[in-house]
Amino acid sequence: MTYHAKTNWKQDDPVTEVDINRWEQGIADAHATIAVLTADVSNLKTRMNVMESTLPENFLYNHFKDDLSTIDGIKVIRGYYNEAQSRLEV
């Protein structure tokens, strides 16, 4: 038997056990989804905090006072050639 959810409720409409069961299942599904999303958000917060803690403070807050008008003052200390993208990544 296929049951179609009623969406146009009126104040005096009778409520069946099927309706209550469907609502309770919907609430349980919502709580399960919230639990998964809460765990995912917590994981992402932790990962973001770890990433931020490894970056220099000036990089985090975009405080760059270096004069980059020429490349004479830039020293590359680490990097590799990305063959797939045909570029040097530092």
Side-chain angles (χ1 to χ4, degrees):
M1 174 170 115
T2 302
Y3 180 80
H4 297 286
K6 184 174 179 174
T7 57
N8 57 345
W9 287 94
K10 295 185 178 57
Q11 185 174 2
D12 295 331
D13 285 349
V15 176
T16 66
E17 185 176 347
V18 172
D19 295 326
I20 293 171
N21 290 338
R22 186 173 46 87
W23 297 338
E24 287 176 344
Q25 185 60 51
I27 291 168
D29 291 346
H31 282 288
T33 300
I34 289 170
V36 169
L37 292 175
T38 300
D40 289 345
V41 168
S42 178
N43 180 33
L44 289 173
K45 282 182 181 179
T46 301
R47 292 175 64 192
M48 194 64 181
N49 288 338
V50 168
M51 286 175 46
E52 286 181 347
S53 70
T54 62
L55 296 173
E57 189 172 316
N58 286 344
F59 189 81
L60 285 175
Y61 300 108
N62 292 322
H63 294 152
F64 298 105
K65 297 181 180 155
D66 299 322
D67 180 12
L68 299 176
S69 59
T70 67
I71 61 169
D72 295 336
I74 298 174
K75 180 179 177 184
V76 176
I77 58 171
R78 243 185 333 244
Y80 69 96
Y81 184 72
N82 183 338
E83 291 187 37
Q85 299 293 323
S86 300
R87 65 182 181 201
L88 180 63
E89 297 187 2
V90 295

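Counting only residues at least two apart or in different chains, side-chain hydrogen bond (donor to acceptor under 3.5 Å, both in side chains) contacts with residues 30-47 are absent.
Partners of Glu17 under the side-chain hydrogen bond (donor to acceptor under 3.5 Å, both in side chains) rule, at least two apart in sequence or in another chain, do not exist in this structure. Every residue meeting the side-chain hydrogen bond (donor to acceptor under 3.5 Å, both in side chains) condition with Asp29, not counting sequence neighbours, appears here in chain and number order: Gln25.
Once rounded to the nearest 0.5 Å, the distance linking CZ of Arg22 with OG1 of Thr16 reads 8.0 Å.
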